[in-house]
Amino acid sequence: MTLTIENILLVGSILLFISIIVGKTSYKFGVPTLLLFLGVGMLAGSEGLGGIKFDDPKTAQFIGIVALNFILFSGGLDTNWKSVRPVLGQGIMLSTLGVLLTALTVGTFVYYLIPGFSFIESMLLGSIISSTDAAAVFSILRSKSLLLKTNLKPTLELESGSNDPMAYVLTITFLSLVQHPELSAMSVILVFLKQMILGGLAGFAFGKITEITINRIKLDYEGMYPILMIAMMFITFSATDFIGGNGFLAVYIAGVFLGNKELTHKQDILSMFDGLAWLMQIVLFLTLGLLVFPNQVWDVMHIGILISVFLIFVARPISVLISLIPFKMKFNRRLYISWVGLRGAVPIVFATYPLIAGIENAGFIFNIVFFISLSSLLIQGTTLPIVAKWLGMVLPKDFQPVLKEVDEMVASSPKSVLREIDIQPSYCAVGKTIKQLHLPESTFIAVIKRNGEYIRPGGSTEILSKDRLMIYTHDPEDYSHATKIIKTLADECETPPVK
């Protein structure tokens, strides 16, 4: 079957319907939902049961760029700045240095593994697969109702949402070097800095412009506000790209900025973008599934397996461990961050750039990248819950319902705060009950970790030295007041702590 104007809506809607129905199995069996969407596309393709002929990298790339705009912007809108701020340094290091180290280590491995591959071509391949996929990660975590400890979710969320721009810049840089070997190292570095700096500045600038536009313009229909937001999103991307900045970075930063501001009809905007992000993910994976030729992927499987194993067990751990050296963090937490290095649709989209450029080995690179993404979703995607439990990164099931409720409360309010506090022996709170602390009304202690066990606290629960409190409030000022009460030194208490 060849896609035409007459049948594209019928075929597309049927594929969407099948993808959604098949995707339900991910919640039962823990299979990554997006992997199933990819499988539906492959089955419908020219070498599958559907026999749909689609071999147009330019169209696939265009769909990919549009879809990534929605996915990154929606991810930014859903990012709670209060949750992300404590792990901002970790996220930035992982999404910049971590991506660079992954690209360099994989590229070096590929250079020595594949005869005939130049060093720059090897680095191009490493760059294409250097970023992780947020949608795949959290679809698995949600399917198993896992609640991770110690700010793991914000760290992974920030890394996954912000590392695509870095991988994109590296991909374009090494692709330019393949096409123009005469380019100097200094010119490449300057282009890289220009992309990142202009992208970051444009993201903040357009975020502010969008906030003012949304809040000040008076539209006759409420349904027009989400459409206005879509227009501003694409203006942010295209204008940033026009001036030489990184449009993907600008879109994500603008999304984070707007997600933490008060906006007219904000809930309607968030709801629509959440649905559109899922639609774009499905369309993107279906398109990439249609584009690939499974027989060609099968031909590179022996090399793909070696690169996948190296990426998962060597390159990703090395990049994570080195990137997180400046931060105090337990080793098992570093290991889990390393394991949550899912590759998804983004590397496959980036792999269309060499195809369109027509460079030598472009088809080989695309098939290798497709296989690596597929194997990453299969190996890491299906084992995320198991590894989380094995490394002790998941809170006990008894506490997951209350923490899930708290997590949803945090997500629903941009001003809400969820933090952990370690109780020192010198704190005034030691020996007092929660009721005696007189915390603000908007603040409560959700869970107490004591001697490796978790306690569901009540008003009469006594606070002990070395307890770890998980505190929630929907008002940042009340949180500051609560921490001041808890952390007041014993000799400054109105009444001495109970021994």
*Any donor-acceptor pair under 3.5 Å linking the side chain of S323 with the backbone of V320?*
no
*Does any non-hydrogen side-chain atom of L286 lie less than 4.5 Å from one of F54?*
no
*Give the C-alpha distance, both sets of side-chain angles, the deciding distance and a yes or no for side chain to side chain contact (heavy atoms under 4.5 Å, CB included) between V110 and F310.*
CA-CA 10 Å; V110 169; F310 182 83; over 6 Å; no
*Counting distance only, does the side-chain N/O of D164 pair as donor-acceptor with the main-chain N or O of L68 below 3.5 Å?*
no
*Any side-chain heavy-atom pair of M166 and S95 under 4.5 Å*: no
_Between CD1 on residue I348 and CD1 on residue I372, distance to nearest 0.5 Å_ = 10.5 Å
_Tell me which one of N260, L258, L72 satisfies side-chain contact (heavy atoms from CB on, under 4.5 Å) with L77._
L258
*Nearest heavy atoms of S160 and T132, plus distance in Å*: OG-OG1, 3.4 Å
*Does NZ or CZ of K261 fall inside the cone over F257's six-membered ring, less than 6.0 Å from its centre and within 45° of the axis?*
yes
_Candidate pair F234 and V66, rule side chain to side chain contact (heavy atoms under 4.5 Å, CB included), full reasoning_ = CA-CA 9 Å; F234 282 123; V66 172; 4.0 Å; yes
*Determine the minimum heavy-atom distance between L391 and N332, stating which atoms define it.*
O-ND2, 2.8 Å
*With a 4.0 Å cut-off, would you call K266 and E222 a salt bridge?*
no
*With side chain to side chain contact (heavy atoms under 4.5 Å, CB included) as the test, would you mind laying out the steps for F364 and Q296 before giving the verdict?*
CA-CA 8 Å; F364 184 82; Q296 295 179 9; over 6 Å; no
_Heavy-atom side-chain contact between L288 and I63 under 4.5 Å_ = no
*Would you name the heavy atoms of A351 and I128 that are closest together and state the gap between them?*
N-CG2, 3.9 Å
_Test item: S373 side-chain N/O and F370 main-chain N/O as donor-acceptor pair under 3.5 Å_ = no
_Angle between ring planes, F70 versus F273, binned at 30° and 60°: parallel, tilted or perpendicular?_
tilted
*In Å, rounded to the nearest 0.5 Å, how long is the span from CD1 of I18 to CG of L43?*
9.5 Å
*CG-CG distance between L124 and L170, expressed to the nearest 0.5 angstrom*: 10.0 Å
*Should P317 and L335 count as side-chain neighbours, where that means a heavy-atom distance under 4.5 Å?*
no
*Any idea which heavy atoms bring T105 and A315 closest together, and the distance?*
OG1-CB, 3.3 Å
*asked:* Quick one: does any side-chain atom of D241 pair with a main-chain N or O of F237 as donor and acceptor, under 3.5 Å?
replied: no
*asked:* Just verifying a value: how many Å separate E262 CD and I214 CD1, rounded to the nearest 0.5 Å?
replied: 14.0 Å
*asked:* For the backbone of L374 and the side chain of R343, can you confirm whether one donor and one acceptor N or O come within less than 3.5 Å of each other?
replied: no
*Short question: side chain of Q380, backbone of W339 - any donor-acceptor pair under 3.5 Å?*
yes
*Return yes if some donor-acceptor pair links the side-chain N/O of R316 with the main-chain N/O of I337 below 3.5 Å, else return no.*
yes
*If you round to the nearest 0.5 Å, how far is CG of L201 from CE of M196?*
11.5 Å
*Measure across A250 and T240 and return the closest heavy-atom pair with its distance rounded to 0.1 Å.*
CB-OG1, 3.4 Å
*Does the side chain of S74 pick up a donor-acceptor pair with the side chain of W278 at under 3.5 Å?*
no
_As a quick check of understanding, evaluate side-chain hydrogen bond (donor to acceptor under 3.5 Å, both in side chains) for S130 and T102, giving each step before the final call._
CA-CA 6 Å; S130 60; T102 300; over 6 Å; no
_Passing candidate, side-chain contact (heavy atoms from CB on, under 4.5 Å) with I129, options S308, S376, P347_ = P347
*Is M280 close to N69 at the side-chain level, that is, under 4.5 Å between some pair of heavy atoms?*
no
*Determine whether D268 and Y225 make a side-chain contact, defined as any pair of heavy atoms from C-beta on separated by less than 4.5 Å.*
no
*Using the ring pair (Phe, Tyr, Trp, His ring centres under 6.0 Å) rule, take W298 and F293 through it: C-alpha gap first, then chi angles, then the decisive distance, then the call.*
CA-CA 9 Å; W298 180 264; F293 292 89; over 10 Å; no
*Under the 3.5 angstrom rule, does the side chain of N246 hit a backbone N or O of Q195 as a donor-acceptor pair?*
no
*Decide yes or no for V309 and V314: does some side-chain heavy atom of the first lie under 4.5 Å from some side-chain heavy atom of the second?*
no
_Donor-acceptor contact below 3.5 Å, side chain T96 vs main chain I92_ = yes
*asked:* A side-chain contact here means heavy atoms from C-beta on lying under 4.5 Å apart; do N163 and L94 qualify?
replied: no
*Parallel, tilted or perpendicular, as decided by the 30° and 60° cut-offs, for the rings of Y168 and F248*: perpendicular
*For V87 against L158, the heavy-atom pair lying closest together*: O-CD2, 3.8 Å
_Candidate pair T236 and M233, rule side chain to side chain contact (heavy atoms under 4.5 Å, CB included), full reasoning_ = CA-CA 5 Å; T236 300; M233 176 191 73; 5.7 Å; no
*In Å, rounded to the nearest 0.5 Å, how long is the span from CZ of F327 to OG1 of T155?*
9.5 Å
